[in-house]
Chemist: 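Attaching a single structure in structure tokens format; questions to follow.
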Amino acid sequence: MATIRTITWQLPPVSSRQRPLSRTVVEYRVKSDTTPLPWTVQDEVSASGEQKLVINDPAPGTFEYRLTAVDIDGKQGPATIAEKSSDYDVPGAIAAVAIVDATA
């Protein structure tokens with residue numbers, strides 16, 4: 001069965017001393033207990049739309065997601081990191097079992 005992963009978030013409030021927000025950059029990486037792996041951009045979501053990202057059938061394992069608000073001048077706010085694990089599917093059933101009796 002396919003998994004549908006939905007990530008939602010709230011944008012930070014914008015003060016009078018800040019530029020309007022443009023987008024959220026959503027990045028991901030496989031979580032590693034030894035050497036941190038590089039981040040890969042999953043998507044960019046406009047600040048004017050719904051703050052939601054749907055990932056169809058993500059790979060199994062533990063992933064870290066990094067979300068960063070970006071203003072209209074390209075300045076980035078501090079990143080927020082969240083983690084999600086998905087189990088591997090169970091093995092399939094054994095098939096083509098043959099049991100043969102022989103006479104001695």
Chemist: Does Thr8 have any side-chain hydrogen bond (donor to acceptor under 3.5 Å, both in side chains) partners at least two apart in sequence or in another chain, and if so, which?
Modeler: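 With neighbours one apart ignored, the set is empty.
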
Chemist: Give me each pair satisfying salt bridge (charged side-chain N to carboxylate O under 4.0 Å, His left out) with a member in residues 44-55, each pair once, sequence neighbours excluded.
Modeler: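 Qualifying pairs: Arg23-Glu44.
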
Chemist: Could you list who else is in Ile94's hydrophobic cluster, with ILVMFWY side chains joined at under 4.5 Å, directly or through other members?
Modeler: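 Noted: Ile94 shares its cluster with Val97, Ile99.
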
Chemist: May I ask you to list the residues sharing a hydrophobic cluster with Leu37, side-chain cutoff 4.5 Å, ordered by chain and number?
Modeler: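 Noted: Leu37 shares its cluster with Ile7, Trp9, Leu11, Val14, Leu21, Val26, Tyr28, Val30, Val45, Leu53, Ile55, Phe63, Tyr65, Leu67.
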
Chemist: So, for Pro13 and Gln18, which heavy atoms are closest and what is the spacing to 0.1 Å?
Modeler: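 Scanning both residues, the minimum pair turns out to be O-OE1, 3.5 Å.
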
Chemist: Test of understanding: with side-chain hydrogen bond (donor to acceptor under 3.5 Å, both in side chains), list the residues that count as partners of Glu27, not counting sequence neighbours.
Modeler: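 Checked Glu27 against side-chain hydrogen bond (donor to acceptor under 3.5 Å, both in side chains); matches are Arg66.
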
Chemist: If we only count heavy atoms from C-beta on, is the Lys84 to Pro58 side-chain gap below 4.5 Å?
Modeler: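 Of all side-chain heavy-atom pairs linking Pro58 with Lys84, none is under 4.5 Å.
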
Chemist: Partners of Thr34 by side-chain contact (heavy atoms from CB on, under 4.5 Å), sequence neighbours excluded?
Modeler: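 Partners of Thr34 by the side-chain contact (heavy atoms from CB on, under 4.5 Å) criterion, ordered by chain and then number, come out as Ser32.
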
Chemist: List the atom of Tyr88, the atom of Gly61, and the distance in Å for their closest heavy-atom pair.
Modeler: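 That would be CE1-N, 4.4 Å.
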
Chemist: Please report the closest heavy-atom contact between Ser86 and Ala59, naming both atoms and the distance.
Modeler: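 So the minimum-distance heavy-atom pair works out to CB-O, 4.3 Å.
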
Chemist: Using side-chain heavy atoms (C-beta onward) and a distance below 4.5 Å, is Ser22 in contact with Ile72?
Modeler: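 When only atoms from C-beta onward are counted, Ile72 and Ser22 do touch, with a gap below 4.5 Å.
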
Chemist: Less than 3.5 Å apart, which donor and acceptor atoms pair up between the side chains of residues 73-81 and the rest of the protein, not counting sequence neighbours?
Modeler:
residue : atom : partner : partner atom : Å
Asp73   : OD2  : Arg19   : NE           : 3.0

Chemist: Apply the test side chain to side chain contact (heavy atoms under 4.5 Å, CB included) to residues Val54 and Ile4: give CA-CA distance (whole Å), side-chain angles for both, the deciding distance (0.1 Å), then the verdict.
Modeler: CA-CA 7 Å; Val54 176; Ile4 299 173; 3.5 Å; yes

Chemist: State, with a plain yes or no, whether a side-chain heavy atom of Thr103 is found less than 4.5 Å away from one of Asp101.
Modeler: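 Sidechains of Asp101 and Thr103: no contact.
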
Chemist: Got a sec, which residues hit salt bridge (charged side-chain N to carboxylate O under 4.0 Å, His left out) with Asp33, two or more places apart in sequence or on another chain?
Modeler: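 Here no residue qualifies.
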
Chemist: List for me each residue that meets salt bridge (charged side-chain N to carboxylate O under 4.0 Å, His left out) alongside Glu83, sequence neighbours excluded, and say none if there are none.
Modeler: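 By the salt bridge (charged side-chain N to carboxylate O under 4.0 Å, His left out) rule, Glu83 matches Lys31.
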
Chemist: Output the distance between atom CG (Asn56) and atom CZ (Arg5), rounded to the nearest 0.5 Å.
Modeler: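 Output value for this atom pair is 11.5 Å.
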
Chemist: Which residues pass the side-chain hydrogen bond (donor to acceptor under 3.5 Å, both in side chains) test with Thr40, not counting sequence neighbours?
Modeler: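 side-chain hydrogen bond (donor to acceptor under 3.5 Å, both in side chains) list for Thr40, sorted by chain: empty.
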
Chemist: Under a 4.5 Å cut-off applied to non-hydrogen side-chain atoms, are Gln10 and Gln51 in contact?
Modeler: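 Gln10 does not reach Gln51 side chain to side chain.
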
